[in-house]
Amino acid sequence: MHTTSAVPHIGRGTAHRAARSSAVRVAARGGFVARGVIYLLVGVLALRIAFGDSGEQADRGGALAELAARPFGNVLIWALGVGLAGMALWRLSEAGFGAAGPDGHKAGTRLLSLARFVFYAVVSLSVVSFAAGEKGSGSGSSDQQSRDATAQALGLPGGPWLVAAAGVGIALAGIWIAVRAVLRRFHKHLDRSGMSPRLRRGVDVLGISGGLARGGVFAVAGVFVVKAAVTYDPDRAKGMDDTLRSFADTSAGPWLLAAIAAGLALFGLFSFTMARWRNV
């Protein structure tokens, strides 16, 4: 009886050690590098749009297409897909066994990690599918994907309310991202003891400016989704590319888009610092 009852406990202990293993830590850091590459490329593409080049999409699909056109591009895309899969694996381990830090075992933290696991798993699958030759999956226009998803949701019972709720959720998520960046909440996730004062200041600049830009894009995208729900018009919903282009239509003109684009590129660099200094 004693031996039998100990088996589940041993299994849980083994799983917990696996979740805290060096392999999972390496997977997490690889995921931050992959995320950084994508945001850096999106920022560069958006800067090109701001200064008159409207050719490529400023979204994940555009970033993959940009890589595909480079020497060894497909190898790099495979590496991104594997890196994002590593990020998903790490988030799943956090959901199952808790994250690093004093709040890591709270139910809300673990649910957020589970949501992030689903997100990165989907993104990783799309990138790997693109690398495997299904070009329409990973490089599909984020704008068209957003319109298609909105049209399908609007056709459901209570569709406009569901779409409006999703839009409000996206907008609030953007505000949450921006506020956390301004408050430097990322400090609690970083091992700052090994950083020089100059490096700490640099990481703060990257984290705040990158978080503000990323949060702003999410918030504006959410507003467009709400507009699509109110007008019952899926064409009002915008993906990242159209959302970024909308900044150029404001009174600030292309300069606001350039500022947001630079912020997204800085968030990519911030992800690289997270790959090195994040407590995982």
* **pair Leu212-Ile260: side-chain heavy atoms closer than 4.5 Å** => no

* To do: Let me see the working for Asn279 and His189 under side chain to side chain contact (heavy atoms under 4.5 Å, CB included), right down to the final yes or no.
  => CA-CA 6 Å; Asn279 291 316; His189 298 301; 5.7 Å; no

* Flag for Gln152-Asp148: side-chain donor and acceptor within less than 3.5 Å -> no

* Structure fact -> CD1 (Ile38) and CD (Glu66) are apart, to the nearest 0.5 Å, by 13.5 Å

* Structure fact -> Between Leu199 and Trp277 the two heavy atoms that sit nearest each other are CD2-CZ2, 3.7 Å

* **Side chain proximity check, Leu244 to Val42, heavy atoms < 4.5 angstrom** => yes

* Asked: Is there a side-chain contact between Phe272 and Leu40 (heavy atoms, below 4.5 Å)?
  -> yes

* Asked: Roughly how far apart are His187 NE2 and Arg180 CZ, rounded to 0.5 Å?
  -> 12.0 Å

* Are Val280 and Val24 connected, step by step, through hydrophobic side chains (Ile, Leu, Val, Met, Phe, Trp, Tyr) whose heavy atoms are closer than 4.5 Å? -> yes

* Any side-chain heavy atom of Val226 within less than 4.5 Å of one from Val223? -> no

* Structure fact -> Hits for ring pair (Phe, Tyr, Trp, His ring centres under 6.0 Å) against Phe51, two or more places apart or cross-chain, chain-then-number order -> Trp255

* **Connected via hydrophobic side-chain network under 4.5 Å: Leu114 and Phe97** => no

* Could you go through the side-chain hydrogen bond (donor to acceptor under 3.5 Å, both in side chains) check for Arg35 and Ser271 one step at a time? => CA-CA 7 Å; Arg35 187 182 73 174; Ser271 290; 3.0 Å; yes

* CG-CG distance between Leu64 and Asn74, expressed to the nearest 0.5 angstrom -> 10.0 Å

* To do: May I ask you to test the Ser246-Phe224 pair for a side-chain heavy-atom distance under 4.5 Å?
  => yes

* Check the pair Leu112 / Arg91 against side chain to side chain contact (heavy atoms under 4.5 Å, CB included), numbers first and verdict last. => CA-CA 9 Å; Leu112 185 58; Arg91 292 302 190 183; over 6 Å; no

* Once you round to the nearest 0.5 Å, how far does OH of Tyr232 lie from CG of Leu154? -> 5.5 Å

* To do: List the steps, then state whether side chain to side chain contact (heavy atoms under 4.5 Å, CB included) holds for Met87 with Ser124.
  => CA-CA 9 Å; Met87 177 75 88; Ser124 172; over 6 Å; no

* **Hydrophobic cluster membership, Leu206 vs Val182, 4.5 Å side-chain cutoff** => yes

* To the nearest 0.5 angstrom, please state how far the OG1 atom of Thr250 sits from the CG atom of Leu257. => 9.0 Å

* To do: Just do the side chain to side chain contact (heavy atoms under 4.5 Å, CB included) check on Val37 and Leu41 with the steps written out, would you?
  => CA-CA 6 Å; Val37 170; Leu41 288 174; 4.0 Å; yes

* Asked: Do Trp90 and Phe32 make the cut of ring centroids closer than 6.0 angstrom?
  -> yes

* Asked: Can you check whether His105's main-chain N or O pairs, donor with acceptor, with Thr109's side chain at less than 3.5 Å?
  -> no

* Asked: Which residue pairs satisfy the salt bridge (Lys or Arg N to Asp or Glu O under 4.0 Å) criterion with at least one member in residues 219-237, sequence neighbours excluded?
  -> none

* To do: Would you name the heavy atoms of Ala88 and Phe117 that are closest together and state the gap between them?
  => O-CD1, 3.1 Å

* Considering only heavy atoms from C-beta outward, does the side chain of Ile177 approach that of Phe218 to under 4.5 Å? -> yes

* **Side chain to side chain, Val203 and Met195, heavy atoms closer than 4.5 Å** => yes

* Qualifying residues under side-chain contact (heavy atoms from CB on, under 4.5 Å), relative to Ala171, sequence neighbours excluded -> none

* Structure fact -> Rounded to the nearest 0.5 angstrom, the CZ-CG distance for Arg276 and Asp191 is 8.0 Å

* Asked: Ion pair present between Asp242 and Arg147, side-chain N to carboxylate O less than 4.0 angstrom?
  -> yes

* With the side chain counted from C-beta on, respond yes when Val205 and Arg201 share a heavy-atom pair under 4.5 Å apart, and no when they do not. => no

* Asked: Does Val82 belong to the same Ile/Leu/Val/Met/Phe/Trp/Tyr cluster as Val127, with side-chain heavy atoms less than 4.5 Å apart forming each link?
  -> no

* What is the minimum heavy-atom distance between Val225 and Val163, and which atoms define it? -> CG1-O, 3.4 Å

* To do: Identify whether the distance between the nearest side-chain nitrogen and carboxylate oxygen of Asp204 and Arg200 falls below 4.0 Å.
  => no

* Asked: Where is the tightest heavy-atom contact between Ala46 and Ala261, given as atom of each residue plus distance?
  -> CB-CB, 3.4 Å

* Going only through I, L, V, M, F, W and Y residues with side-chain contacts under 4.5 Å, is there a path from Leu45 to Ile77? -> no

* Asked: Mind checking whether Tyr39 and Phe270 have ring centres under 6.0 Å apart?
  -> no

* What closest approach, in Å, do Ala229 and Ala164 show between heavy atoms, and which atom pair accounts for it? -> CB-N, 3.5 Å

* To do: Please confirm whether the backbone N or O of Val217 pairs with a side-chain atom of Thr243, one donor and one acceptor, at under 3.5 Å?
  => no

* Structure fact -> Here the pair of heavy atoms bringing Ala58 nearest to Asp241 is N-OD1, 2.7 Å

